[in-house]
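Notes follow the structure.
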Amino acid sequence: LFLPLTNVFPNEEKRNLSLGGHVGFDSLPDQLVSKSVTQGFCFNILCVGETGIGKSTLMNTLFNTMFENEEASHYQNGVYLRPRTYDLQESNVHLKLTIVDTVGFGDQINKEDSYKPIVDYIDTQFENYLQEELKIKRSLFNYHDTRIHICLYFIAPTGHSLKSLDLVTMKKLDSKVNIIPIIAKADTISKSELHKFKIKIMSELVSNGVQIYQFPTDDEAVSEINASMNAHLPFAVVGSVEEVKVGNKTVRARQYPWGVVQVENESHCDFVKLREMLIRVNMEDLREQTHARHYELYRRCKLEEMGFKDTDPDSQPFSLQETYEAKRKEFLGDLQRKEEEMRQMFVNKVKETEAELKEKRERSLHDKFEQLKRMHQEEKRKVEEKRRDLEEEMNAFNRKKVAAETLSLSQPLKKDKDKKK
Ligand code: GTP
Ligand code: MG
């Protein structure tokens with residue numbers, strides 16, 4: 001809608017004119033502010049850090065309230081992320097704040113895959129946004145944007161160096177989210193050690209190529225403070241919801257037998273610096289960077305993966321329509337190839353089944369023939385036996401007959417002799 005003038009009229013020169021009186025478009029910024037205030041804002045923080053490192057306490061301290069807090073156990077099988085959304089209001093500004101906690105981070109013996117659920121979570125939020133953008137009926141205006149605007153990475157105050165889990169996780173996240181590393185529970189480390197620890201951490205991040213969020217220095221109004229704060233990274237923070245009386249003031253602090261650590265005292269820790277940078281100066285930049293850098297990268301990779309491109313191989317612009325046509329052709333080709341494969345597979349299957357059936361039939365015929373043959377032989381054997389029996393009977397009979405005949409021949413002679421007497 002707002003094409004640059006040079007695109008519409010390529011040879012048109014811009015002329016500066018002065019207005020004769022008040023027109024009123026100088027209220028445009030006010031209109032924007034009013035619109036934004038009515039709409040409200042949303043901001044999503046991801047807290048990555050081991051169990052019990054002080055994530056919830058710091059969030060409570062930052063927003064000066066008590067969020068829901070459930071302690072994590074140290075016996076999780078894996079890492080998971082727990083998002084919680086709150087509606088906050090300061091003056092007339094509404095903030096929809098989502099705090100996402102890692103649960104069970106650093107608790108497994110094998111921590112190799114600990115970063116994966118975090119990466120997946122961030123990607124899923126990008127994917128949801130992309131899906132909304134690609135809908136025909138989009139409602140991005142009142143869409144609950146859950147993309148992570150800032151990842152606060154809690155480093156354990158060991159005074160030693162980063163753990164490999166920290167380096168691996170930050171490296172996997174740095175192209176997906178703005179990272180601000182913070183040294184947690186900084187009251188447990190001495191001043192000189194803290195100084196060395198900060199230098200060590202920064203040099204390890206640099207030598208491992210981990211990109212952390214830099215407070216922007218291009219806006220004149222905040223460039224000075226942002227530049228000086230960049231030099232203070234990583235912030236060493238202390239969290240507490242305890243109120244302690246110092247002099248005649250009540251402050252948030254941690255009380256120890258040897259003294260009081262005041263959360264908001266800049267000579268005690270960097271909590272104020274973190275709050276200033278994260279909430280009061282750069283919240284909008286964090287939101288913008290998330291959309292313009294991290295989401296843009298995700299979107300680009302995803303669309304390229306899906307086959308969309310801006311230019312063809314000859315660097316000529318390639319429209320969405322052309323991409324669609326090309327993809328459609330590719331899809332139809334694929335479909336045809338698959339159909340042909342299926343057909344071939346079907347033919348082969350039929351052939352195989354036919355051969356199998358034939359073999360089965362032949363085998364059963366053969367079996368039948370064998371059975372008949374066996375039956376026939378059995379019958380033959382039986383007949384043979386019967387024949388032998390009969391023969392034997394016949395022989396016996398003949399023998400008997402012969403004996404009888406011999407007997408009857410000798411009998412008349414005896415009779416004749418008797419008659420003669
Ligand atoms: P899970 O959600 O269970 O992983 O823990 P968490 O990271 O949210 O830690 P949580 O804020 O519950 O704090 C754990 C313990 O550390 C509590 O006893 C806090 O009082 C203590 N703690 C929190 N912040 C600090 C800090 O800055 N310094 C010190 N010394 N202790 C802290
Ligand atoms: Mg917690």
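Fair warning: this is a prediction, and the values are worked out from it, not measured in the lab. Just follow the structure's listing: the first ligand is 1, and inside any ligand the first atom is 1.
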- Task: Apply salt bridge (Lys or Arg N to Asp or Glu O under 4.0 Å) to the pair Lys327 and Glu330, showing each step before the final yes or no.
- Result: CA-CA 5 Å; Lys327 268 274 138 191; Glu330 196 183 301; 3.5 Å; yes

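- Short contacts between ligand 1 and Thr51, defined as distances under 4.0 Å to a heavy atom of the residue, involve ligand atoms 3 (O), 4 (O).
- Contact annotation: for Phe271 versus ligand 1, there are no heavy atoms closer than 4.0 Å.
- Any N or O atom pair closer than 3.5 Å counts here, and Gly239 shares at least one such pair with ligand 1.
- Between Tyr298 and Tyr295, the two ring planes are parallel [angle under 30°; tilted spans 30° to 60°].
- Proximity of Asp187 to ligand 1, defined as any heavy-atom pair under 4.0 Å, is confined to the side chain (atoms from C-beta onward).
- Looking only at protein heavy atoms, the nearest one to atom 12 (O) of ligand 1 is Asn69 ND2, 4.1 Å.
- Here's the thing with Glu71: none of its N/O atoms is less than 3.5 angstrom from an N/O atom of ligand 1.
- Taking atom 13 (O) of ligand 1 as the reference point, the nearest protein heavy-atom neighbour is Thr57 OG1, 3.5 Å.
- An N or O contact shorter than 3.5 Å links Lys55 to ligand 1 by distance.
- Protein heavy atoms come within 4.0 Å of atom 16 (O) of ligand 1.
- Taking the ring centroids of Phe141 and Tyr143, they lie at or beyond the 6.0 Å cut-off.
- Looking only at heavy atoms of the protein, atom 9 (O) of ligand 1 is closest to Gly54 N, 3.1 Å.
- Between the Asn110 side chain and the Glu112 main chain, a donor and an acceptor come within less than 3.5 Å of each other.
- Between Arg254 and ligand 1, at least one pair of N/O atoms sits closer than 3.5 Å.
- Residue Gly52 places a heavy atom less than 4.0 Å from ligand 1.
- When only interatomic distances are considered, the shortest N/O to N/O separation between Ser56 and ligand 1 falls below 3.5 Å.
- Side-chain atoms of His268 never come within 3.5 Å of backbone atoms of Glu264 as a donor-acceptor pair (strictly under, hydrogens ignored).
- The distance from the Mg ion (ligand 2) to the nearest N/O/S atom of Thr57 is not under 2.8 Å.
- Here the straight-line distance linking atom CZ of Phe215 with atom CG of Leu286 works out to 7.5 Å at 0.5 Å rounding.
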- Message: Go through it in stages, so that I can follow the logic: the residues are Tyr80 and Arg82, the test is side-chain hydrogen bond (donor to acceptor under 3.5 Å, both in side chains), and I'd like the CA-CA distance, side-chain angles, deciding distance and then a yes or no.
- Response: CA-CA 7 Å; Tyr80 73 93; Arg82 184 173 53 197; 4.6 Å; no

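- Ligand 1 has an N or O atom lying under 3.5 Å from an N or O atom of Tyr256, backbone or side chain.
- For the side-chain hydrogen bond (donor to acceptor under 3.5 Å, both in side chains) with Asn178, the lone residue among Gln289, His149, His294 that qualifies is His294.
- Among the candidates Arg381, Arg387, Lys382, the single residue satisfying the side-chain hydrogen bond (donor to acceptor under 3.5 Å, both in side chains) test with Glu385 is Arg381.
- In this structure, the side chains of Leu162 and Met170 come closer than 4.5 Å at one or more pairs of heavy atoms.
- Ala72 N, 2.8 Å is the protein heavy atom nearest to atom 3 (O) of ligand 1.
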